[in-house]
Amino acid sequence: MNARSETRNQPLLEVRNLHVSAGGVEILKGLDLSVNLGAVHAIMGPNGSGKSTLTNVLAGRPDYEVTEGKVLYGGRDLLAMAPDERAREGVFLAFQYPVELPGVRNREFLRAALDAVREHRGLQKLSVREFNKLHEEKAGEVEMDPDLIKRSVNEGFSGGEKKRNEILQMTVLDPTLALLDETDSGLDIDALQTVARGVNKFRSPSKAIVLVTHYQRILNYITPDHVHVLIEGRIVKSGGSELAHELESKGYEWVKKTVQSGSEVGV
Amino acid sequence: MAKTPATYDTYLAEHREFEKGLPTQRPEWLERTRERALSRFRELGFPTARRGNEAWKYTNVAPIANASFSYPLNGASQVEPADLTGIAPWDDTWINLVFVNGRYSQALSGGQAAPDGARVTSLGAAIAADGGVIEEHLAQHATFEHDGFTALNTAFIRDGALVHLPDGEPLQSPLHLIFVTTDSGQPAVTYPRTLVVAGAHSKVTVVETYVSLSATPNFTNAVTEIVVGDGAQVEHYRLLLESADAFHVGTSRVYQGRDSTFASTSFARGVAIGRHDLRVLLDAPGSSCLLRGLYVTSGTQHMDNYLNIDHAKPHTTSRLKYKGILDGASRAVFGGMVLVRPGAVKADAQQTDKNLILSDEAELDSKPGLEIYADDVQCGHGATAGSIAEDAMFYMRSRGLDSETATAYLIRGFASEITDAIDLEPVRACVEAAILGALPRIQAGRGS
């Protein structure tokens, strides 16, 4: 069953009462999130609130233990799938800290990944020429230095170059659900704009984006449909894009106080 | 003195047969060398004693010493050219010399002819024709006083490869020396022998490849001597591609003159017991060597790289960069000894040995060592061993690659520091393919 074939009124991603521990410490403590196709969700929260844990668990990083709850992706049990199966099913994680792969060439790696993804989707492999053309076009869009493409994956890349490479991989692999883990952190304004442009171009009614960030800054360039505030392993407040601006001016302490004082949590 | 196992008698008996087959016209100097070597082998035997024997501390040669190997007198007729092109790198534009069970095969050799002035030929034929340069160098660099394997090889010198470049003659075309062992119905021993003499300011690329056409646990006892004249440049590749159950002991001795350069890449695909003992003597100022190596072992294989670099004179430079990939319950040994002799000021030596360990049962003994008797030198060494990084694995899988494919990429990536530096495309392609070929567990996982 392909996630794309699901009807529009069923959420693409449904996270229900998710509890996750790492090293015996509970990080997510009953998280709920529902993401429809076509939607961009921003998840904001202070350091240590569990933002990265959420995206990493969704992508299948092995260091975490799910102790309770479930995650449905296109109606299927996402947590039962191996990380590579999730990727082939259309889940993509843009890493907060992209990994360097010495000796593994960028283009060869991405081509192998695309082959695996396309094969899974019942599509023909691209020829070398077709792939190179696609790759060149997408690399141009994120303004990747052509020299970097020939190098080993992320090896010796600056922080900004690594993030551009993540977006390049995303646009080539063409996932259904993109999870962006603090893709904005550590970027200068040019890189931030380039990355945001890549995400906006990717945005479509047949895709969904979950964007995790510490800062409101990137939301000046990517307007989310929904904003959620994650504090201490739970989503404590949700709203529209205006919530991000409110957070920027009032800070996370403001949310903590309103939640503690029993104010209504908007949805 | 080592105790003499009964199997040594087999070598002595075979040597009597060997002598009967020698040509009636034989140079006296060679006759004497063989006799001295044989008598030295009788005294030394194989280095089975481990205690107090640093050079063989981690490698047990008892399986070789206790086994009985026949000495095949021929076997060339069994070999077809297509047998070789499938298992060894091959390029028709190179100068290709093929040796079957240690003997030169004219029928199988081919490719380009050597240019005038250069001698690229059968050592046996060259000895018969004109001993000059051979007498000057043969068994002079690979001395057998303390080495039973070299003594035995030397006792059996009859044929092999001779490469002699006159002063100032660069040889553009790579030279490929392929040593093949065949199936003689029972385990056999062969004694490949190579002498390379690169005259002053000459330049040559030599590829030495060892392959077997049988799964029989044959024993190859190979000795190579390379003389790099003043200002000469020698690029050397050594490819151990024998069968997974083979025994292989290779000894390479390199002598370098003033301002000469020697660059070597040694690749070893795992065998039952493999050893490459490479010693470089930097015997004149300005000489430099760059030694690269890659070894891949699996199952219960054992590979030992024993390297010695002797900085005998001032202003000498050495770089040593080896990498290993170990799977199964295999074992690899790396010994890298750098000696800086008194007075060898401004010596500059760096060595590293890095290993990728794919299994909990694999074992590595890495012993880099420095012995420095001069001031004002720059020397460094380092050894590492690690498994496949979990974050790299997750990163690759998060892009859709299954774990077997990701592992294969990471292994090739690890090796690329060595393989990317191989300038000869057929050699690089062969080595890259042989890496995964040497790891049956990984390859089976990929379903290919």
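Lettering of chains follows the sequences in order, A, B, ..., and the numbering in each one begins at 1. Predicted model only: the values in this text are computed from it and were never measured.
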Self-check item: With sequence neighbours excluded, residues passing ring pair (Phe, Tyr, Trp, His ring centres under 6.0 Å) with A/H228
Solution: A/H41
Quiz item: Any residues in residues 137-150 of chain A near chain B, with a heavy-atom distance under 4.5 Å, and which are they?
Solution: none
Practice problem: Please state whether the rings of A/F95 and B/Y395 are parallel, tilted or perpendicular, taking 30° and 60° as the class boundaries. | Solution: perpendicular
Quiz item: Between A/A116, A/A59, A/A113, which residue shows the highest count of heavy-atom pairs closer than 4.5 Å to chain B?
Solution: A/A113
Practice problem: Check whether any side-chain heavy atom of A/V104 sits under 4.5 Å from a side-chain heavy atom of B/M396, and report yes or no. | Solution: yes
Quiz item: Under a 4.5 Å heavy-atom cutoff, which of A/A112, A/S152, A/A82 has the most pairs with chain B?
Solution: A/A112
Quiz prompt | With B/A389 via side chain to side chain contact (heavy atoms under 4.5 Å, CB included) - residues at least two apart | solution = B/D391, B/A392
Practice problem: List the atom of A/L93, the atom of B/R399, and the distance in Å for their closest heavy-atom pair. | Solution: O-NH1, 2.8 Å
Self-check item: B/D402 bridged to A/R88 by N-O distance under 4.0 Å
Solution: no
Practice problem: Output the option from A/H120, A/R86, A/Q169, A/E100 having the highest count of non-hydrogen pairs under 4.5 Å with chain B. | Solution: A/Q169
Quiz prompt | Engaged part of A/E108 at the chain B interface, taking heavy atoms whose separation is under 4.5 Å | solution = both
Quiz item: Does any non-hydrogen side-chain atom of B/F394 lie less than 4.5 Å from one of A/N56?
Solution: yes
Quiz item: Do any of residues 156-166 of chain A come closer than 4.5 Å to chain B, heavy atom to heavy atom, and if so which ones, in number order?
Solution: A/E166
